[in-house]
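Read through the structure below, which is laid out as structure tokens, and then see the notes.
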Amino acid sequence: MELFQVLGSTFAAREFTNDPLPDTTLYKILERARFAPSGGNRQGWRVIVVREQATRQALADLTAPAAKRYAAQQAAGENPWNAVVRTSVDAATIERTPAPSRLTEPILRAAVVLVVCVDLKVVAATDQYLERVGVVPGASIYPFAWNILLAARHEGFGGTITTLAVAQEPKVKALLGIPDHVAVCAVMPLGRPVKQLTKLRRKEVPEFTMVERWQGRPFQA
Ligand SMILES: Cc1cc2nc3c(=O)[nH]c(=O)nc-3n(C[C@H](O)[C@H](O)[C@H](O)COP(=O)(O)O)c2cc1C
């Protein structure tokens with residue numbers, strides 16, 4: 001596929017056909033994804049390929065608590081899981097909110113699930129002493145995760161970067177035998193999408209780009 005077409009049509013696929021995603025195709029996808037950038041080119045990514053149904057069920061179960069909170073906050077008009085504006089939704093409300101199936105089912109129904117991890121011993125975190133949530137270390141792993149989706153799109157497959165299970169990271173690590181110095185970054189269901197979206201809802205460039213300073217005029221061509 002042509003690059004600009006891939007960039008403009010790679011969406012979060014959550015519904016899949018029963019088509020398999022063979023190891024040969026998965027290998028090809030990872031073979032392309034490995035060219036992602038990372039701080040100092042340390043390539044701290046590690047991937048666990050999960051096909052066993054019992055493991056997927058466990059991953060879906062571990063996704064549910066965070067999905068409940070996500071849905072409860074969404075219903076209350078909040079930005080779910082935000083670290084700046086804390087939730088005003090109480091624990092009992094979260095507990096009685098069902099986990100939306102669209103957030104858990106893809107893990108059970110995809111052809112394959114990738115658990116993408118990063119070795120924290122090699123990741124640069126230049127924002128680690130700032131008094132805000134860390135974002136820089138993620139930049140050494142999510143370009144890789146995104147490359148997986150771009151390469152999958154090229155091969156006629158799709159999937160989603162999901163992070164809800166990370167809220168239960170200790171249990172995910174115990175489930176998969178992941179060592180202490182490794183972080184779980186994403187659980188990625190992959191498969192053949194039931195339908196291919198061609199139009200994605202995104203802001204226009206001038207809505208998020210300004211000239212010279214934050215208060216500058218919107219950037220226009
Ligand atoms: C860092 C990150 C975390 C995400 N976590 C989840 C998740 O836990 N579950 C999920 O279903 N989608 C998750 N998504 C997918 C987003 O919801 C999706 O990219 C966004 O809604 C745009 O969807 P679209 O490309 O289909 O328009 C995540 C995406 C990113 C980049």
Side-chain angles (χ1 to χ4, degrees), residues 1 4-16 33 36-38 44-45 47 50 56-75 78-84 87 94 97-118 123 125 127 132-154 156-169 171-172 183-205 207-208:
M1 282 181 74
F4 271 35
Q5 194 191 346
V6 174
L7 292 178
S9 66
T10 302
F11 68 107
R14 298 187 181 88
E15 286 180 72
F16 305 103
S38 57
W45 43 75
V47 181
V50 176
R56 292 142 162 280
Q57 185 63 61
L59 288 170
D61 292 347
L62 290 171
T63 298
K68 288 159 77 72
R69 176 177 163 155
Y70 190 98
Q73 284 196 258
Q74 216 171 26
E78 297 182 351
N79 285 321
W81 282 98
N82 190 267
V84 176
T87 186
I94 293 171
T97 304
S101 60
R102 72 181 183 93
L103 298 179
T104 55
E105 293 276 307
I107 296 167
L108 302 174
R109 302 201 190 287
V112 65
V113 175
L114 303 184
V115 178
V116 176
C117 304
V118 69
V123 165
D127 56 356
R132 62 157 172 74
V133 70
V135 293
V136 172
S140 282
I141 187 66
Y142 292 110
F144 171 76
W146 181 238
N147 262 9
I148 291 174
L149 292 189
L150 295 179
R153 171 82 184 98
H154 183 268
F157 290 90
T160 304
I161 295 171
T162 83
T163 49
L164 292 168
V166 181
Q168 300 289 328
E169 187 182 67
K171 290 179 182 166
V172 175
V184 178
C185 305
V187 173
M188 298 182 62
L190 291 182
R192 180 94 62 196
V194 166
K195 60 174 187 265
Q196 175 59 50
L197 300 190
T198 50
K199 214 168 163 17
L200 306 185
R201 277 189 305 125
R202 298 291 190 270
K203 290 176 184 166
E204 299 294 335
V205 173
E207 292 179 64
F208 60 83

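Along the sequence shown, residues are numbered consecutively beginning with 1. Numbering of ligands and ligand atoms starts at 1, following listing order.
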Between ligand 1 and A12, is the shortest N or O to N or O distance under 3.5 Å? yes

Looking only at non-hydrogen atoms, which of I161, L200, V187 approaches atom 13 (C) of ligand 1 most closely? I161

Have a look at C185 and tell me which of V166, I161, V118 forms a side chain to side chain contact (heavy atoms under 4.5 Å, CB included) with it. V118

For P100 and A67 the tightest heavy-atom approach is CD-O, 3.6 Å

Looking only at distances, please establish whether an N/O atom of ligand 1 is found under 3.5 Å from an N/O atom of L197. no

Looking at ligand 1, does any of its N/O atoms fall within less than 3.5 Å of an N/O of T160? no

For A66, is there any backbone N or O sitting under 3.5 Å from a side-chain donor or acceptor partner on W81? yes

Report yes if the side chains of V187 and T160 come closer than 4.5 Å at any heavy-atom pair, otherwise no. no

Out of R202, R201, K199, R102, who gets a non-hydrogen atom closest to atom 22 (C) of ligand 1? R202

Side chains of E78 and N82: is there a donor and an acceptor less than 3.5 Å apart? no

Minimum-distance protein heavy atom relative to atom 8 (O) of ligand 1: T163 N, 2.9 Å

Show me which atoms of ligand 1 lie under 4.0 Å from any heavy atom of L164. 8 (O)

Can you figure out which of E105, R14, M188 has its heavy atom closest to atom 16 (C) of ligand 1? R14

Would the distance check show the side chain of R14 and the main-chain N or O of I107 forming a donor-acceptor pair, the cut-off being under 3.5 Å? no

With no hydrogens and no angle check, do the side chains of Q5 and R153 hold a donor and an acceptor under 3.5 Å apart? no

Distance under 6.0 Å and angle within 45° of ring axis: R192 vs F157: yes

Proximal ligand 1 atoms for L103, defined as those under 4.0 Å from one of its heavy atoms: 9 (N), 10 (C), 11 (O)

Which ligand 1 atoms are under 4.0 Å away from a heavy-atom of F11? 25 (O), 26 (O)

Flag: protein heavy atom within less than 4.0 Å of atom 28 (C) of ligand 1: yes

